[in-house]
Participant: 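Structure provided below as structure tokens; questions to follow.
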Amino acid sequence: MGNKNSTKNTIISIVFIVWFVASIGSMIYLSKTGHPKLVVAIIGQYFLVFGILGIGSTISEGKFGFDSLPLLLFPIVGIGLIIASLIMQYGSDGFKDICNKNLPYVFLGLFVVIGLFLLVMWVRENILLKIICTQRVTARCVDVIERYHHSNSGGSHLVYCPVYEFYYNGTSYKVCNNKYTNMVRPEVDYTYEIYINHNKPTQFYEPQRAKKMGAIILVLGIFFVALPIFAMYMYSK
């Protein structure tokens with residue numbers, strides 16, 4: 001079984017390397033043969049493939065949910081770049097003019113969608129979850145899972161997610177909500193008050209972490225919605 005998995009991983013790695021190198025070669029060829037606009041389509045298929053791989057990996061791990069929806073932006077951007085490239089290369093002048101006039105709205109609209117997602121996430125995590133989880137329990141932090149978060153600038157920093165253990169109705173529960181941040185780092189063996197859903201004790205609300213994380217998400221959500229809408233208004237004048 002192990003040899004089969006090893007062979008499968010090797011084949012996948014070879015196919016991936018061949019595809020990656022072939023794509024770079026295609027971009028060089030298109031640039032030298034007078035089709036630079038089609039290079040955008042090659043870049044788009046990078047977004048598309050990496051997005052599909054990321055979504056597939058998350059689904060296979062059983063972790064795909066509301067918080068994973070931003071992964072959908074990668075294939076969407078990829079498809080958009082491919083379509084835009086084909087229009088720039090083969091579209092009529094009139095159709096190109098229409099696309100160019102509306103392109104800023106599409107670009108800014110993408111940021112509005114991101115902002116709305118953040119606002120929905122804030123409502124879900126700081127209002128709905130608080131309404132559902134009303135049973136207060138004392139939980140002990142038994143572990144802190146650490147991960148490195150890689151930023152777009154190339155740097156990385158540690159983020160944390162606590163694992164809590166508590167007793168409720170004679171049953172012991174060990175829970176982790178897989179929400180990582182470096183704003184609050186709970187200490188192992190310390191006790192904390194959390195609020196659980198009495199119908200589903202593994203669902204819980206952490207007041208301290210939720211408030212700090214929620215404040216940042218709320219500000220970012222308002223910013224990503226308000227600024228693009230203002231920019232659209234100024235552009236249309």
Side-chain angles (χ1 to χ4, degrees), residues 2 4-27 30 38-86 103 106-125 129 144-163 175-183 202-203 209 213-214 216-218 220-221 223-225 228:
K4 288 184 179 180
N5 288 335
S6 178
T7 302
K8 180 181 177 182
N9 292 335
T10 301
I11 293 173
I12 292 174
S13 299
I14 292 173
V15 171
F16 179 82
I17 292 172
V18 170
W19 163 76
F20 191 84
V21 173
S23 296
I24 294 176
S26 299
M27 286 192 286
L30 290 171
L38 291 178
V39 172
V40 178
I42 304 297
I43 297 173
Q45 59 102 30
Y46 275 129
F47 276 90
L48 179 60
V49 172
F50 284 123
I52 291 173
L53 289 176
I55 293 170
S57 175
T58 306
I59 292 175
S60 65
E61 293 175 0
K63 296 180 180 179
F64 191 85
F66 181 81
D67 295 338
S68 304
L69 288 181
L71 288 174
L72 295 175
L73 289 175
F74 286 91
I76 290 173
V77 170
I79 293 171
L81 290 175
I82 293 171
I83 294 173
S85 174
L86 295 176
L103 184 60
V106 175
F107 179 74
L108 293 170
L110 183 61
F111 284 94
V112 173
V113 171
I114 295 173
L116 290 174
F117 171 80
L118 291 173
L119 291 177
V120 171
M121 180 185 290
W122 178 81
V123 171
R124 176 174 173 265
E125 297 296 327
L129 194 61
V144 175
I145 303 173
E146 297 181 348
R147 286 185 181 177
Y148 277 99
H149 173 75
H150 300 279
S151 62
N152 294 331
S153 61
S156 61
H157 58 272
L158 276 173
V159 289
Y160 315 101
C161 182
V163 179
V175 296
C176 175
N177 58 12
N178 294 310
K179 295 169 185 173
Y180 292 84
T181 178
N182 61 355
M183 291 180 288
T202 54
Q203 186 178 37
R209 296 180 83 228
M213 293 174 65
I216 293 177
I217 292 174
L218 179 61
L220 288 175
F223 176 80
F224 274 100
V225 171

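Numbering of residues begins at 1 and proceeds along the displayed sequence. Fair warning: this is a prediction, and the values are worked out from it, not measured in the lab.
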Participant: For Glu146, check side chain to side chain contact (heavy atoms under 4.5 Å, CB included) against everything at least two apart and list the hits.
Facilitator: Leu158, Tyr160, Arg185
Participant: Before you tell me yes or no, could you show the steps for Val175 and Gln203 under side-chain contact (heavy atoms from CB on, under 4.5 Å), namely the whole-Å CA-CA distance, both residues' side-chain angles and the distance that decides it to 0.1 Å?
Facilitator: CA-CA 8 Å; Val175 296; Gln203 186 178 37; over 6 Å; no
Participant: Atom CE in Met213, atom CD in Glu125: separation rounded to 0.5 Å?
Facilitator: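 Nearest 0.5 Å value for the CE-CD distance: 7.5 Å.
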Participant: Only counting residues at least two apart or in another chain, list the ones meeting ring pair (Phe, Tyr, Trp, His ring centres under 6.0 Å) with Tyr46.
Facilitator: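 Per chain and number, Tyr46 pairs via ring pair (Phe, Tyr, Trp, His ring centres under 6.0 Å) with Trp19, Phe20.
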Participant: How would you list, by chain and number, every residue that makes a side chain to side chain contact (heavy atoms under 4.5 Å, CB included) with Ile14, sequence neighbours excluded?
Facilitator: Thr10, Val18
Participant: Using a 3.5 Å distance criterion without hydrogens, assess whether the side chain of Arg209 forms a donor-acceptor pair with backbone atoms of Pro162.
Facilitator: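 A pair under 3.5 Å: no.
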Participant: Please tabulate, for side-chain N and O atoms in residues 76-83, each donor-acceptor pair with protein atoms closer than 3.5 Å (sequence neighbours left out).
Facilitator:
none

Participant: Could you measure the distance from the OG1 atom of Thr202 to the CG atom of Asn177? Nearest 0.5 Å is fine.
Facilitator: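 Separation between the atoms: 11.0 Å.
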Participant: If I compare all heavy atoms of Gly51 with all of Pro75, which pair ends up nearest, and what's the gap?
Facilitator: CA-CD, 3.8 Å
Participant: Go through the structure and list residues passing side chain to side chain contact (heavy atoms under 4.5 Å, CB included) with Phe74, not counting sequence neighbours.
Facilitator: Phe47
Participant: Tell me, do Val144 and Cys161 make a side-chain contact under 4.5 Å, heavy atoms counted?
Facilitator: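 No; the side chains remain at least 4.5 Å from each other.
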Participant: Using distance only, find each side-chain donor-acceptor pair of residues 106-123 under 3.5 Å and give its atom names and separation, not counting sequence neighbours.
Facilitator:
| residue | atom | partner | partner atom | Å |
| --- | --- | --- | --- | --- |
| Trp122 | NE1 | Gly214 | O | 3.4 |

